[in-house]
Amino acid sequence: MIMSLASVRAFLAAHAPDIQILEMPDSTATVAQAAAAFGVEPGQIAKTLAFLVGGQTLILVARGDARLDNRKIRTRFGGKPRMLPLEDVEPVTGHPIGGVCPFGLSQSLPVYCDRSLLGFAEVLPAAGSPNSAVRIAPERLAILTNAEWVDVCAETPNVD
């Protein structure tokens with residue numbers, strides 16, 4: 001976990017030195033925990049998911065309260081999405097469960113940002129540990145991670 005946080009620190013130091021990692025004393029591993037800890041609505045938590053589609057691993061960042069639309073994912077990525085098995089998450093991404101983020105990955109993986117993030121001026125993705133995050137504009141998140149924008153979440157019924 002320490003190495004994961006260190007890889008995010010190194011990534012941000014090289015690419016976005018103005019962004020500070022926020023570390024909390026308690027876990028922010030779930031959307032609900034993170035929203036409560038950082039005083040934001042659950043949608044502002046940028047959950048980072050690792051999927052296997054047709055043998056390729058990809059990273060998807062979406063708003064915390066969004067549900068994935070399997071039909072949209074199959075159409076966009078050309079196959080049935082499967083969550084990366086829990087035991088493979090840290091070896092593949094370099095980040096532990098609850099700290100997975102698109103920064104400082106241990107290997108080059110394609111990153112996608114769901115358009116659901118664009119409903120917020122600022123979102124909070126994890127930062128490599130189950131008790132850390134960063135505050136960042138969704139557009140900047142996509143630029144820093146070379147992410148492609150996609151529309152693969154179900155319409156969120158309660159967007160305030």
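If you chain together hydrophobic residues whose side chains sit under 4.5 Å apart, Val100 and Val150 never meet in one group. Side-chain heavy atoms closer than 4.5 Å link hydrophobic residues (I, L, V, M, F, W, Y) into clusters, and following such links, even through other members, never connects Val123 to Ile143. In terms of hydrophobic clustering, with Ile, Leu, Val, Met, Phe, Trp and Tyr side chains grouped at heavy-atom distances under 4.5 Å, Val31 and Leu124 are assigned to a common cluster. A chain of hydrophobic side-chain contacts below 4.5 Å, direct or via other Ile, Leu, Val, Met, Phe, Trp or Tyr residues, connects Met24 to Ile45.
By the 4.5 Å heavy-atom criterion applied to side chains, Leu141 and Pro102 are counted as neighbours. The shortest side-chain heavy-atom distance between Trp149 and Leu117 falls under the 4.5 Å cut-off. In this structure, the side chains of Tyr112 and Ile59 stay at 4.5 Å or more apart for every pair of heavy atoms. Using a 4.5 Å cut-off on side-chain heavy atoms (C-beta onward), Lys47 and Pro125 make no contact. Between Ile136 and Glu122 the shortest side-chain heavy-atom distance does not fall below 4.5 Å. With a 4.5 Å cut-off on side-chain heavy atoms, Lys72 and Thr75 do not count as touching. The shortest distance between side-chain heavy atoms of Leu105 and Phe11 does not fall below 4.5 Å. The closest side-chain heavy-atom distance from Ile21 to Glu23 is below 4.5 Å.
Between Arg63 and Asp114 there is no salt bridge, since no side-chain nitrogen of the basic residue lies less than 4.0 Å from a carboxylate oxygen of the acidic one.
A centroid separation of 6.0 Å or more is found between the aromatic rings of Phe51 and Phe77.
Between His95 and Ser7, the shortest heavy-atom contact is CE1-OG, 3.6 Å. Scanning both residues, Val134 and Ala127, for their nearest heavy atoms gives CG1-CB, 4.1 Å. The two atoms that bring Gln107 and Pro91 nearest to each other are NE2-O, 4.2 Å, heavy atoms only. Closest approach of Ala126 and Gly98 over heavy atoms only: CB-O, 4.0 Å. Pro17 approaches Gln20 most closely through the heavy-atom pair O-NE2, 3.9 Å.
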Query raised in the report: Can you check side chain to side chain contact (heavy atoms under 4.5 Å, CB included) on Thr48 and Leu60, steps first, answer last?
Result: CA-CA 6 Å; Thr48 303; Leu60 174 68; over 6 Å; no
Query raised in the report: What do the steps show when you test Val53 against Lys80 for side chain to side chain contact (heavy atoms under 4.5 Å, CB included), and what is the final call?
Result: CA-CA 6 Å; Val53 181; Lys80 181 178 170 58; over 6 Å; no
Query raised in the report: Please walk me through it: do Asp69 and Cys153 pass side chain to side chain contact (heavy atoms under 4.5 Å, CB included)?
Result: CA-CA 5 Å; Asp69 182 319; Cys153 287; 5.9 Å; no
Query raised in the report: Would Arg140 and Asp18 satisfy salt bridge (Lys or Arg N to Asp or Glu O under 4.0 Å), going step by step from the backbone distance to the final call?
Result: CA-CA 12 Å; Arg140 189 163 185 212; Asp18 59 305; 2.8 Å; yes
Report task. May I have the step-by-step check of side chain to side chain contact (heavy atoms under 4.5 Å, CB included) for Val89 and Met83, ending in yes or no? Result -> CA-CA 9 Å; Val89 170; Met83 293 294 288; over 6 Å; no
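Of the listed residues (Val8, Thr93, Thr145), just one forms a side-chain contact (heavy atoms from CB on, under 4.5 Å) with Cys101, and that residue is Val8.
We find the CG-SG distance between Asp151 and Cys113 to be 13.0 Å, quoted to the nearest 0.5 Å. Atom CZ in Arg135 sits 7.5 Å away from atom CZ in Phe38 (nearest 0.5 Å). With values rounded to the nearest 0.5 angstrom, Glu41 atom CD is found 4.0 Å from Phe120 atom CZ. How far CG of Leu49 is from CG of Leu84: 11.0 Å, rounded to the nearest 0.5 Å. The distance from atom CD1 of Ile97 to atom CD of Glu90, rounded to the nearest 0.5 Å, is 8.0 Å. Atom-to-atom distance recorded for Ile19:CD1 and Leu12:CG is 5.5 Å, nearest 0.5 angstrom.
Distance alone, capped at 3.5 Å, is enough to place a donor-acceptor pair between the Ser4 side chain and the Gly94 backbone.
Checking Gln33 against Thr28 by side-chain atom types alone, no donor-acceptor pair falls below 3.5 Å. When only modelled atom types and interatomic distance are considered, Ser129 and Ser132 share a side-chain donor-acceptor pair under 3.5 Å.
The neighbour count for Arg76 CZ, taken as heavy atoms of other residues, nucleotides or ligands under 6.0 Å away, is above 12.
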